[in-house]
Each structure stands twice: as structure tokens, then as C-alpha cells.
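One structure is given here, and the rest of the page talks about it.
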Amino acid sequence: MSVVTRFAPSPTGFLHIGGARTALFSYLYAKRFGGKFLLRIEDTDRERSTQEAVDAIFEGMAWLGLKSDFDEVYQTQRFDRYKEVVEQMMAAGHAYYCYASKEELDAMRTEQMARKEKPRYDGRWRPETGKTLPPPPAGVQPVVRFKNPLEGQVVLKDLIKGEIVFDNKELDDLIIARGDGTPTYNFCVVVDDWDMGITHVIRGDDHVNNTPRQINILKALGAQVPQYAHVSMILGADGAKLSKRHGALGVTEYRAMGFLPEALLNYLVRLGWSHGDQELFTREEMIEKFDFDHVSASPARFDMEKAYWVNHQYLKSADPAVVVPEFDWHLRRIGVDPAAGPDLAAVIEQQRERCRTLVEMAEKSRFLYAELDAYNEKDAAKHLTADGATVLDELAAQLEALPAWTAAALHEAVNGFAAGKGLGLGKVAQPIRVAVVGMAISPPIDQTLFLLGRERTLARLRAAVAHVRGA
RNA sequence: GCUCCUAUCGUCUAGAGGCCUAGGACGGAGCCCUCUCAAGGCUUAAACCCCGGUUCGAAUCCGGGUAGGAGCGCCA
């Protein structure tokens, strides 16, 4: 049987980093075995599900390049099917109506807690041979509960956590349909996974405790039980759980921070999974090598420093052409017109080894596309001195006479000038840098001037001279 | 409270009884290179939660602690 996995987020917020990793693992596992990957939107909670969240999830998945092999499934569009299965279970005696009110249930729970017991439904409406049920109260819309086995155990062979055994005694009769007839999560998941032929359920480990109940429902339905892989959660850098209030960011936030999607994926795949000592994987390698034997069962912290390092590795080695669109996006984002300066790929090539993110790259490249508005004070004080101005003044004249504005010619001109004056290159390059960049940081000076172009270079050199002398 | 899960450098991890004087990577420190910032090279500090047991031998297996975490909804 070919592998079918699914990623099933509920649209109550953006696609966060933990969800993205779960999606990645699901995607990778399916691809590894030539199977299919499905995106399913679990929107049965109509109160909290929003279209914005659905859009955010799609956007995040698209940016990461995690494509579903089928049309997205919405649970809200499958209510008829759930209803049908509920009826089927009622008919087969696997489910029953429960008329207990919420107040009644609450009271029951607090009582149990007071007795230091695990709160659970006590089965008061559960039909049993020889048991007489109270008459249904009038005007109450009953919920439907699943009749969980009373005896025995459920053995879950988790691909990540190993064998986990649950006693049916610990499980209560969960609600599968609400008073208003709508199905609940645990039930929809089961029906969907069954109908869609999901072979491997890969999800967060906050679902482990739901799994035995789901397995019991599956068995009652006579369905094949899929394999499970419960992935541990991702913690913040401080070890605390990630939440909206505490460091949880949407995947698209990482785009805004200057990450390349492939780099984020690479960082994520190594968070919990390993393949010996290898740190960097192409997407093909991830697909080829991913397996659950090497997925850690313990939670991992998100380390921004390492994520930046991975991103930098990608920036340094990627084909500049694939970085261009993202770089373009970042330049525009900071109000820079990418058309007002040198070719983006050429700039990427010069900047990438000194930038860990695209945000940094955009900021450091701004001088190539927009006029300088000020000099960095410290750098100017150090390099735009009277001596510096003399250097710039004389150099400008020489550069103006340059027949061809190439990096090689500029290299020769600047080095030759310094040698002729008996100056170290630093004495010449630094004043130039501050004059044309606005600060003492940029790619090699010949490359910097080449990218900047003749007009801008000469104008800025002279402006700097005027700045020093005029002030 | 009950059930379940987890536990190797600061962080991500390698490690499936001897290959471990515990390896790699990020980050840190130092040195080299150097027109700036980087990149690169080299060196270095840094960990098996604790206690028992099994075994000739345990980071690895078992038990018990301890510490974290998850779940216990007519939420997903």
C-alpha cells in the first residue's frame, strides 16, 4: 500500500514553526516512499476558525514549497459524511445518546478532582445489558458518545516514541457529536483518515493521549488503523512553550526576517531529526534520507543563531538567480527601488558572504540604489579627515579618466594610487568607502565602486571632499 | 490529582553494551589571513540528571527517584 500522509491544521491562527515542521515531516515521509501528501483544514470549530487563518496557512505552505498532492479538504464540507457515520455507529451499538447537561458534567468533574481522580465521564447514560437508563429529560438535545471498551488495552506503536500502552479503563466515552448535531474533532479525524486512506498519521505529540480513543473508534468502524508518529514540540530559546504571547511566529514572519524558505526548511528538519553529522540537506537529500528512526522523542528549542547560520550557508551557496526574487521583495519592503541600481544577481554575489539574512543584505545594499542621506558619524570622523579628503580629491580625478569602469580597472587604479602615494590600502580604501557607502562596511572596494557605477562614485567622492572642506 | 511522554556540551544532535580519554554543528574564547565588514583556516573551553541493579564491561538495558512537558472540553 502506498504511503499517504496529511497535515491537518485547524485554522485558528497562522502557520507556526511547529506546525511547519510537522508538515515538513509529513511531506518528506510521503515523498520518500513515492506517496501522497494531503492538506486538510480542520475547521469544525466554527467559532474560532477564520478565513484569514486559512489564507495564512496556504501562504505559509506555498512559501515553503510544501505542496499538497490533492485539493485541500475542509472538514466543514464533509458534515453529511460524519453524520452518516454517526448514524452507522448508533445503529451498530457503538455509540449512544447522552443527556447530561454541561452543568452536570462540570459538577461531576470537580467532584472527581476533589477525590483526586482523573476527571472523566462516568457513563451514566451508557446503555448496558441489565441496566435501566433514566427517562430522557424533555427539551434536551442529546450529544452522541462513543462506547469505548471497558476492558483491555490499546497498544500504540508509535514510530517516534515506541510502544505506548493505554488501559481502556483510563479512557472515557468521548462525545462524537454535539447537541446541535455537529461532529467533534476526535471523530472527524478518524473518519477523514479512514476515508482518505491515510497510512501514516504524523502530528504533534499533544495528540498522543487522543490516539487510543481514535484507535478504538477506528476498530469499531472496522477500519484499518494507520501508523502513528508523534512529533515532540518546539520550545522557545528559553525552553518555554511557544505561544502567541511568547515568541511564536508565523512562517511568513521568518520570510520578513530575511530567511530563504529552503534554509528554514533545512533548519527545521534538523530540529529533532538527524542523519549522522550532516547539517545541510538539499530538498532531494531530505526526501531521500528522512526517516522516523532518527527523529528525537524529546522537545527541542528553537535556536535563532543556528537558524541564521543555516540561512547564511544557503545565501552563500545558492544560485543568485533563485535569490533574486526574495532579494527584490526585501528591497521593496524597505522602500528601495531595485531598478534604480545594479543588477540584483551581481549584488547578491558580492554581498552574500557578509549577510546572514536578506534583511541585512537589503540594508547593506541600499546605498547602491538610493542616495546617501548621512555619513555614519564615527566612520566619518575617523576616515573623512583633511588627509582623507586630499586622497579622495586626487583619486576622483584619476578615476574620472578611467577608460573602462570595470572591477579590474578599479582595482588597479586604487591599488596603484595607494602604492604611488606610499600609503597602505586601508588609508585609501576606507575614506572611499565612507564617502560612497556612508559607512565603513561594504564589499571589496573595487567591487563596491564597480557596482555603484561611475556617475554615483564620482559624485559621492566629490560630495565627501566638499563635506570635509566645507564644514 | 490521575494518565502518558521526555532526559548527552549553553543550543541542535551523534551514540542502538566494549570502537567513548563521548563525535559533529551553532554559539563562545584565542590565533592566522585581511582595504572594512565578512568569509576562510587552525586551536580551545564545554555534556552522558541522580541512585540502585543486570553484565567481565553501561551514555547505551532494567527499576526507582528527580526534573521538565503533554493530556484529562459539547477546542482542535
Side-chain angles (χ1 to χ4, degrees), chain A residues 8-12 42-45 47-49 75 98 100-102 105-106 109 112-120 141-145 156 158 160-162 164-167 169-172 174-180 182 184-186 188-189 204-212 230 232-233 235 237 239 241 267 270-280 293-294 296-310 312 316 351-356 364 379 383 414-415 418 424-434 437 439-446 448:
Chain A
S10 62
T12 53
E42 311 229 313
D43 55 353
T44 53
D45 183 356
E47 305 273 296
R48 300 198 301 159
S49 299
Q75 291 190 322
C98 168
S101 66
K102 291 182 187 181
L105 261 17
D106 282 346
R109 271 192 284 270
Q112 287 164 330
M113 291 285 258
R115 276 197 308 252
K116 304 195 183 226
E117 283 169 18
K118 177 177 177 173
R120 80 250 264 195
Q141 283 296 311
V143 299
V144 178
R145 284 185 187 270
L156 160 63
D158 193 87
I160 295 172
K161 295 182 183 281
I164 306 174
V165 180
F166 297 88
D167 278 320
K169 271 201 283 288
E170 296 296 332
L171 276 22
D172 63 359
L174 78 164
I175 292 172
I176 59 176
R178 303 179 178 98
D180 65 4
T182 58
T184 59
Y185 165 76
N186 276 101
C188 298
V189 168
D205 74 354
D206 47 334
H207 291 282
V208 207
N209 290 297
N210 288 147
T211 309
H230 286 97
S232 62
M233 51 189 285
L235 272 19
K241 183 181 178 176
Y267 176 72
R270 276 287 290 108
L271 206 55
W273 175 72
S274 62
H275 182 75
D277 288 338
Q278 191 171 349
E279 296 288 349
L280 270 11
D293 298 350
H294 295 275
S296 168
S298 51
R301 301 185 189 202
F302 191 95
D303 181 9
M304 204 42 122
E305 285 305 316
K306 184 151 184 187
Y308 281 142
W309 176 79
V310 173
H312 194 187
K316 281 197 299 179
Q351 295 280 216
R352 60 182 179 177
E353 72 179 34
R354 70 202 82 244
C355 302
R356 298 204 298 176
K364 286 180 175 170
D379 293 340
H383 302 291
V414 176
N415 282 271
L425 229 204
K427 287 280 180 222
V428 178
Q430 289 300 75
I432 303 176
R433 198 153 359 231
V434 177
V437 180
M439 62 181 172
I441 299 173
S442 86
I445 203 67
D446 49 353
T448 301

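Below, chain A is the first sequence line, B the second, and so on; all start at residue 1. On a predicted model such as this, the values are computed, not experimentally measured, just so you know.
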Let me know the distance between [atom1] of [X] and [atom2] of [N], rounded to the nearest Å.
X	N	atom1	atom2	answer
D158(A)	A70(B)	CG	P	18 Å
D293(A)	A14(B)	CG	C1'	15 Å
I441(A)	A39(B)	CD1	C1'	14 Å
N209(A)	G71(B)	CG	C1'	4 Å
D303(A)	C9(B)	CG	P	14 Å
R120(A)	G71(B)	CZ	P	18 Å
E305(A)	G27(B)	CD	P	7 Å
R356(A)	G40(B)	CZ	P	12 Å

Would you call [X] and [Y] a side-chain contact if the rule is heavy atoms closer than 4.5 Å?
X	Y	answer
I175(A)	V144(A)	no
H207(A)	Y185(A)	yes
D446(A)	V414(A)	no
V189(A)	E42(A)	yes

Side chain of [X]: nearest nucleotide among [options]?
X	options	value
D446(A)	C35(B), A14(B), A70(B)	C35(B)
A429(A)	C74(B), U11(B), C35(B)	C35(B)
H312(A)	A76(B), A14(B), A38(B)	A38(B)
W309(A)	A25(B), A70(B), G73(B)	A25(B)
I164(A)	U11(B), C5(B), C74(B)	C5(B)

Pairing partner of [N] (Watson-Crick or G-U wobble, both distances under 3.5 Å):
N	value
G17(B)	none
A47(B)	none
A25(B)	U11(B)
G1(B)	C72(B)
A67(B)	U6(B)
C31(B)	G41(B)

Residue whose closest nucleotide on RNA chain B lies nearer the 5' end, R433(A) versus M113(A): M113(A)
First of G239(A) and I160(A) reached from the 5' end of RNA chain B, by closest nucleotide: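 Nearest nucleotide further toward 5': that of I160(A).
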If I pick the [atom1] atom on [M] and the same atom on [N], what distance separates them, to the nearest angstrom?
N	M	atom1	result
U21(B)	C33(B)	P	37 Å
A58(B)	C72(B)	C1'	37 Å
G64(B)	A46(B)	C1'	30 Å
C5(B)	U11(B)	P	24 Å
U43(B)	C4(B)	C1'	47 Å
G30(B)	C50(B)	C1'	36 Å
A7(B)	C49(B)	P	9 Å
G71(B)	A14(B)	P	25 Å

Ring centroids of H275(A) and A14(B) base under 5.5 Å with planes under 30°: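 The ring of H275(A) is not stacked on A14(B).
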Over all strands shown, is [X] touching base, sugar-phosphate only, or nothing at heavy-atom distances under 4.0 angstrom?
X	result
G424(A)	nothing
S442(A)	base
P444(A)	base
K161(A)	sugar-phosphate
E170(A)	sugar-phosphate
K306(A)	base
K427(A)	nothing
T44(A)	sugar-phosphate
H294(A)	sugar-phosphate
L271(A)	sugar-phosphate
H383(A)	nothing
A440(A)	base

Can you tell me if the side-chain N/O atoms of [X] get under 4.0 Å from OP1 or OP2 in [N]?
X	N	result
T184(A)	C74(B)	no
R109(A)	C74(B)	yes
K364(A)	C37(B)	no
K118(A)	G71(B)	no

Pair [X]-[Y], side-chain donor/acceptor within less than 3.5 Å:
X	Y	answer
Q430(A)	R433(A)	yes
S442(A)	T448(A)	yes
T184(A)	N186(A)	no

Under 3.5 Å donor-acceptor, E353(A) side chain and K316(A) backbone: no
Side-chain donor/acceptor of D167(A) to backbone N/O of K169(A), under 3.5 Å: no
Side chain [X] and base [N] donor-acceptor under 3.5 Å:
X	N	value
N210(A)	A76(B)	yes
D206(A)	G71(B)	no
E279(A)	G24(B)	yes

Carboxylate-amine/guanidinium contact R109(A) E117(A), below 4.0 Å: no
